[in-house]
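The structure appears below as structure tokens.
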Amino acid sequence: QLQLVESGGGLVQPGGSLRLSCAVSKYTLDYYAIGWFRQAPGKEREGVLCISSSGGSTTYADSVKGRFTISRDNAKNTVYLQMNSLKPEDTAVYYCAAAFQCSAPKDPWPYWGQGTQVTVAS
């Protein structure tokens, strides 16, 4: 079964940057789309960005446009979420998930990581 492990979360000041990584193991990343999701306390999980197996990206959350980017390195079996100009409202647990295509966020995604906490505060 595909396994995903997120890393790179932490505490950052408003306006700062973080890069999250989603390392995929057990199977090659080549055939999977990877989505990033986040869930803030008391809120529903929302989709952030997705990258298809061919490298095309889909933005789910308008609030991250122009600030977050997604990329993949199939040789390293890793997908990255670069987050710039972070705001307190970006505070959440960030998860990566895998599917065969960039499905709608509320569709069932078969494989999930355990999440990594991102806190934006001064």
Side-chain angles (χ1 to χ4, degrees):
Q1 181 167 331
L2 199 68
Q3 293 184 352
L4 298 90
V5 178
E6 303 94 336
S7 62
L11 173 64
V12 62
Q13 291 187 343
S17 297
L18 278 177
R19 188 178 77 161
L20 305 183
S21 299
C22 174
V24 176
S25 62
K26 298 293 187 183
Y27 293 98
T28 179
L29 176 62
D30 293 12
Y31 307 112
Y32 291 93
I34 301 294
W36 282 98
F37 298 78
R38 65 186 181 184
Q39 187 165 20
K43 294 188 176 181
E44 289 189 356
R45 186 174 62 205
E46 68 168 342
V48 178
L49 283 163
C50 180
I51 189 163
S52 69
S53 58
S54 60
S57 65
T58 301
T59 303
Y60 295 132
D62 288 342
S63 62
V64 306
K65 285 181 178 178
R67 300 189 299 123
F68 291 12
T69 56
I70 190 170
S71 62
R72 63 192 293 150
D73 184 340
N74 285 359
K76 295 183 178 179
N77 255 22
T78 301
V79 170
Y80 303 99
L81 181 67
Q82 178 67 44
M83 306 186 295
N84 299 327
S85 302
L86 282 161
K87 304 175 181 180
E89 51 264 43
D90 295 317
T91 296
V93 178
Y94 283 72
Y95 301 88
C96 61
F100 287 114
Q101 60 186 13
C102 288
S103 303
K106 292 192 180 297
D107 285 349
W109 287 65
Y111 307 104
W112 288 86
Q114 83 291 346
T116 186
Q117 176 71 45
V118 171
T119 302
V120 184
S122 53

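Position 1 is the first residue of the sequence, and the numbers go up from there.
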Treat each ILVMFWY residue as a node, draw an edge where side-chain heavy atoms are under 4.5 Å apart, and state whether [X] and [Y] are in one component.
{"X": "I70", "Y": "V5", "answer": "no"}
{"X": "Y111", "Y": "I34", "answer": "yes"}
{"X": "W36", "Y": "V64", "answer": "yes"}
{"X": "V120", "Y": "L49", "answer": "yes"}

Heavy-atom closest contact ([X] atom, [Y] atom, distance):
{"X": "G47", "Y": "A61", "result": "O-CB, 3.4 Å"}
{"X": "T78", "Y": "S21", "result": "CG2-CB, 4.1 Å"}
{"X": "A33", "Y": "C50", "result": "CB-SG, 4.1 Å"}
{"X": "S53", "Y": "R72", "result": "CA-NH1, 3.5 Å"}

Rounded at 0.5 Å granularity, tell me how far [atom1] in [X] sits from [atom2] in [Y].
{"X": "S25", "Y": "Q1", "atom1": "OG", "atom2": "CD", "result": "10.5 Å"}
{"X": "C96", "Y": "Q114", "atom1": "SG", "atom2": "CD", "result": "7.5 Å"}
{"X": "L11", "Y": "Q117", "atom1": "CG", "atom2": "CD", "result": "9.5 Å"}
{"X": "L4", "Y": "Y95", "atom1": "CG", "atom2": "OH", "result": "13.5 Å"}
{"X": "T28", "Y": "L2", "atom1": "OG1", "atom2": "CG", "result": "9.5 Å"}
{"X": "I51", "Y": "T58", "atom1": "CD1", "atom2": "OG1", "result": "9.5 Å"}

* Asked: Can any side-chain N or O of E6 pair as donor or acceptor with the backbone N or O of L20 at less than 3.5 Å?
  ->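 Flag not set: sc E6 to bb L20 has no pair under 3.5 Å.
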
- Are V79 and L29 close enough that some pair of their side-chain heavy atoms sits under 4.5 Å apart?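 Of all side-chain heavy-atom pairs linking L29 with V79, at least one is under 4.5 Å.
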
*asked:* Would you call the rings of Y60 and W109 parallel, tilted or perpendicular, taking 30° and 60° as the class edges?
replied: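 If you compare the ring of Y60 with that of W109, the planes turn out perpendicular.
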
>> Tell me whether the NZ or CZ atom of R45 lies within the 45° cone about the ring axis of W112 and under 6.0 Å from its centre.
In response: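 The answer is yes; both the distance and angle limits are met.
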
Practice prompt. Output yes when K43 and E89 qualify as a salt bridge under the 4.0 Å nitrogen-oxygen rule, no when they do not.
Written response: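 No, no charged N to carboxylate O under 4.0 Å.
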
Show me, pair by pair, the donor-acceptor contacts under 3.5 angstrom made by side chains of residues 80-87, not counting sequence neighbours?
residue, atom, partner, partner atom, Å
Q82, NE2, N84, OD1, 2.9
N84, OD1, S17, OG, 2.9

* To do: Report the C-alpha distance between Y94 and F37 in whole Å, list the side-chain angles of each, state the deciding distance to 0.1 Å, and finish with yes or no for ring-ring contact (aromatic ring centres under 6.0 Å, His included).
  => CA-CA 6 Å; Y94 283 72; F37 298 78; over 10 Å; no

*Sequence neighbours left out, what passes side chain to side chain donor-acceptor pair (under 3.5 Å) with S52? Give chain and number order.*
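Only S54 meet the side chain to side chain donor-acceptor pair (under 3.5 Å) criterion with S52.
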
